[in-house]
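These notes concern the structure reproduced below.
Predicted model, so just to flag it, every value in this text is computed and none were measured.
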Amino acid sequence: MTKITRRDALALGLGAGALGLTGCGVADGKAPEAVLPGVPGLADRAKPKGLLFGAACEAHHLDQDPAQAAAFLRECGLLVSQNELKWAVIRPAPGLFNFQRPDRLAAFARAHHIPFRGHTLVWHVSNPGWLAPELAGGKGEKLLEEHIWSVAGRYRGMMQSWDVVNEAIEDFDNGHPDGLRKTEWLDALGPSYIETAFHIAHAADPKALLVYNDYGLDYANETTYRKREHVLHLLDRLVARKTPIHALGIQGHLRAGRPFEPQLMTRFLDDAASLGLDIYITELDVNDIDLPRRVSRRDARVAAATEQYLETVLAHPAVKLVVTWGLSDKYTFRNERGFKHWFWTSRPLPLDTKMERKPMWHAMARAFDDAPMRPMAGV
Ligand code: GLA
C-alpha cells in the first residue's frame with residue numbers, strides 16, 4: 001500500500017474524496033502516485049528550503065534503463081557517482097586510467113544540467129590489487145598526487161562537491177590516539193595523508209566543495225559517541241591547519257529499529273557546524289533487516305525511521321544536502337551478494353522497483369516540507 005499526502009492532493013487540486021483518502025491519507029490498493037505524474041519530485045520539495053536533493057547512480061542505471069532515468073530526472077537535482085569513480089573502477093593498472101563509466105555519468109549530468117558530485121578520492125575499500133604493494137613500496141605521495149590531480153582535474157568545474165577522504169576513522173578502539181583507521185594510506189604517508197589529499201583536490205578543482213565523509217555517526221550507542229568525538233577532533237585539526245575542507249558528509253546508512261537520540265545528534269551537528277563546516281547527508285538508505293517481513297509493515301517502519309532522522313537533521317541550518325544511496329529498490333547494494341537478506345528483497349529506498357513512490361518517499365517529502373529555510377548549498 002502506498003501513501004499520498006494531503007499536501008500532494010491539494011497541490012494537484014484534488015479533494016481527499018477524489019483520491020479515496022481516509023484518515024492519514026492512505027489510499028486503497030493501487031499506488032496513486034503512479035498515476036499522478038504532476039506531483040513535484042523530491043528535489044523540488046527540498047529546493048525551496050535551500051536544500052539540494054539527489055541520488056547516487058551507476059552509469060548503466062541511467063543510460064540503459066529509461067524508467068530509472070525518467071524517475072531520476074523527476075526526483076533529483078544532483079547526481080552522485082555511486083561506484084563509478086572508485087579506484088577499482090577507474091585504475092586498472094599503475095599509471096592507467098579508465099574514465100569510461102564516470103564519463104557516461106558526467107555526460108548524463110551535463111545533458112540534463114544537473115550538478116555532479118564525486119565519490120571518492122581516497123578510501124581503504126574498492127581499491128585495485130596493485131595499489132597496496134605500490135603504497136608499501138614508497139610511492140604513496142606520487143600516487144596520491146597523480147590520482148587526485150587526474151581525477152578531480154578531469155571533472156574540474158562540473159563537480160558541486162567531492163568526497164575527498166572516506167571513512168578514515170575507525171569504529172572501535174584500535175589503539176591509535178586519534179582513532180584513525182589503520183589503512184595502507186595511513187601506513188604509507190602517516191596521518192597527514194588526509195590534509196594532503198584535500199590540498200591536492202583544492203588545487204585540481206578550486207570551485208568544488210570538499211567533504212570528509214564517514215558512516216556510523218547516527219545512533220545512540222557508545223561506539224557512535226566515540227566515533228563522533230574522533231571525527232570532530234579530525235575536523236578540528238583540519239580546520240585549525242587551514243585545510244581546504246567545506247563540509248562533513250554523514251553517510252546516513254540507517255538501520256530501522258536502532259535507538260536514535262535526536263538531542264545528541266543535534267549536539268553533534270552543532271559541534272561540526274561550529275567549525276564553520278556545512279553538513280551533507282551523503283548516502284541515505286534504510287536497512288530493513290530487523291523489521292517484519294510483511295511489506296506494508298516494513299515500508300511503514302522504514303518511512304518512520306527516515307522521517308524521524310530527517311526531521312532532526314534538517315532542523316539544523318548547516319545541513320545543506322541530502323543524497324540517497326540509489327533511488328529505487330531496483331538498484332541497491334542491499335540486495336547484492338554479501339548484503340542480501342536470506343528470505344526477502346530489501347526495500348531501503350524511496351522508490352520501489354517499478355519506480356513508484358513508497359511511504360519512504362512521502363516521509364522524505366514531508367520532512368523537506370517541514371524543514372526550515374537556509375541559504376542554498378554551493379552548486
Ligand atoms: C560506503 C561507501 C559507499 C558504498 C556504501 C554501500 O558507505 O562510502 O561508497 O560502498 O558503503 O556499500
Side-chain angles (χ1 to χ4, degrees), residues 83 86-88 119-129 131-136 140-141 143-144 147-148 162-201 210-241 243 245 247-255 258-261 264-265 267-272 275 277 279-285 287 289 309 313 325 333-334 338-339:
N83 294 318
K86 293 179 179 173
W87 281 66
H119 172 85
T120 176
L121 294 167
V122 184
W123 194 24
H124 62 288
V125 180
S126 284
N127 288 321
L131 180 62
E134 294 274 307
L135 288 176
E141 235 168 86
L143 276 167
L144 196 65
H147 184 82
I148 299 180
W162 262 111
D163 287 334
V164 179
V165 177
N166 199 30
E167 303 177 354
I169 298 293
E170 187 53 271
D171 297 338
F172 54 89
D173 184 0
N174 65 358
H176 192 287
D178 295 325
L180 289 183
R181 187 186 291 277
K182 296 194 170 159
T183 69
E184 288 95 348
W185 286 109
L186 184 67
D187 285 348
L189 297 175
S192 66
Y193 83 90
I194 299 175
E195 62 184 278
T196 306
F198 277 89
H199 281 290
I200 304 169
L210 304 184
V211 183
Y212 172 73
N213 195 47
D214 216 328
Y215 70 92
L217 299 170
D218 314 291
Y219 286 113
N221 56 58
E222 289 306 319
T223 309
T224 302
Y225 303 149
R226 190 178 47 239
K227 191 158 180 176
R228 284 178 184 165
E229 284 307 311
H230 283 313
V231 166
L232 288 170
H233 182 60
L234 168 66
L235 297 175
D236 191 33
R237 216 167 52 234
L238 292 174
V239 169
R241 292 174 60 83
T243 312
I245 175 171
L248 164 65
I250 297 176
Q251 294 184 3
H253 286 293
L254 305 184
R255 182 155 175 168
R258 285 225 171 136
F260 176 68
E261 184 40 77
L264 294 181
M265 184 69 183
R267 194 186 303 163
F268 174 59
L269 301 178
D270 280 342
D271 289 344
L275 298 171
L277 300 175
I279 297 163
Y280 294 174
I281 307 300
T282 52
E283 304 187 17
L284 181 68
D285 71 353
N287 187 340
I289 205 155
Y309 184 77
V313 299
W325 202 246
F333 78 98
R334 297 201 180 281
F339 295 97

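- With sequence neighbours excluded, the residues that form a ring-ring contact (aromatic ring centres under 6.0 Å, His included) with Phe339 are Phe333.
- Contact check on Arg228 versus Asp271 returns no salt bridge, with no Lys/Arg side-chain nitrogen under 4.0 Å from an Asp/Glu carboxylate oxygen.
- Residues Ile169 and His230 share a closest heavy-atom pair of CG2-CB, 3.6 Å.
- Looking at heavy atoms from C-beta onward, Thr196 lies out of side-chain contact with Leu189 at the 4.5 angstrom threshold.
- With sequence neighbours excluded, the residues that form a side chain to side chain donor-acceptor pair (under 3.5 Å) with Asn221 are Thr224.
- Between Val122 and Phe198 there is no side-chain heavy-atom pair separated by less than 4.5 Å.
- Taking the side chain to side chain donor-acceptor pair (under 3.5 Å) definition, one finds that Arg258 meets it with nothing, sequence neighbours left out.
- Considering only residues two or more places apart in sequence or on other chains, Asn83 meets the side chain to side chain donor-acceptor pair (under 3.5 Å) condition with Glu58, Lys86.
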_Stepwise side chain to side chain contact (heavy atoms under 4.5 Å, CB included) check, Leu277 with Leu235_ = CA-CA 9 Å; Leu277 300 175; Leu235 297 175; 3.9 Å; yes

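- By the side chain to side chain contact (heavy atoms under 4.5 Å, CB included) test, Ala201 is found to be paired with Leu121, Ile148, Val164, Leu210, residues two or more places apart in sequence or in another chain being considered.
- Of all heavy-atom pairs spanning Glu261 and Ala220, the tightest one is CB-CB, 3.7 Å.
- Note: Trp87 and His147 have parallel aromatic rings, judged against thresholds of 30 and 60 degrees for the angle between ring planes.
- Put simply, the side chain of Asp178 never gets that close to the backbone of Leu180: no donor and acceptor are under 3.5 Å apart.
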*Output, in order, the C-alpha distance, side-chain angles, deciding distance and verdict of side chain to side chain contact (heavy atoms under 4.5 Å, CB included) for Leu144 and Glu141.*
CA-CA 5 Å; Leu144 196 65; Glu141 235 168 86; 5.9 Å; no

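- Residue Thr183 holds its OG1 atom at 10.0 Å from CD of Glu170, rounded to the nearest 0.5 Å.
- Using a 4.5 Å cut-off on side-chain heavy atoms (C-beta onward), Leu186 and Arg181 make no contact.
- Atom CG of Asp270 and atom CG of Leu264 lie 11.5 Å apart (nearest 0.5 Å).
- Every residue was checked against the ring-ring contact (aromatic ring centres under 6.0 Å, His included) condition with His199, not counting sequence neighbours, and none meets it.
- Applying the ring-ring contact (aromatic ring centres under 6.0 Å, His included) rule to Trp123 yields no partners; only residues at least two apart in sequence or on another chain are considered.
- Under the side chain to side chain donor-acceptor pair (under 3.5 Å) criterion, Arg226 pairs with no residue at all, not counting sequence neighbours.
- Residues forming a side chain to side chain contact (heavy atoms under 4.5 Å, CB included) with Ala168 (at least two apart in sequence, or on another chain): Val165, Tyr193, Ile194, Tyr212.
- One finds the CG atom of Leu269 at 5.0 Å from the CD1 atom of Ile250 (value rounded to the nearest 0.5 Å).
- Looking at Thr243, its side chain never comes within 3.5 Å of a backbone N or O of Glu195 through a donor-acceptor pair.
- Nearest heavy-atom pair across Leu143 and Leu131 is CD1-CD1, 3.9 Å.
- Applying the side chain to side chain contact (heavy atoms under 4.5 Å, CB included) rule to Gln251 yields the partners Asn166, Glu167, Asn213, Tyr215, His253, Thr282, Glu283; only residues at least two apart in sequence or on another chain are considered.
- In terms of heavy atoms, Gly252 sits closest to Tyr309 at CA-OH, 3.8 Å.
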*asked:* side chain to side chain contact (heavy atoms under 4.5 Å, CB included) for Leu254 and Phe260? Distances and angles first, verdict last.
replied: CA-CA 10 Å; Leu254 305 184; Phe260 176 68; over 6 Å; no

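- Of all heavy-atom pairs between Leu248 and Val211, the closest is C-CG1, 4.0 Å.
- Around atom CZ of Arg241, no more than 12 heavy atoms belonging to other residues, nucleotides or ligands sit under 6.0 Å away.
- Listed by chain and residue number, nothing satisfies the ring-ring contact (aromatic ring centres under 6.0 Å, His included) test with Tyr219 (two or more places apart in sequence, or in another chain).
- In this structure Pro133 satisfies the side chain to side chain contact (heavy atoms under 4.5 Å, CB included) test with no other residue, sequence neighbours excluded.
- Taking both residues in full, the closest heavy atoms of Lys227 and Asp171 are given as NZ-OD1, 2.7 Å, listed atom of the first, atom of the second, then distance.
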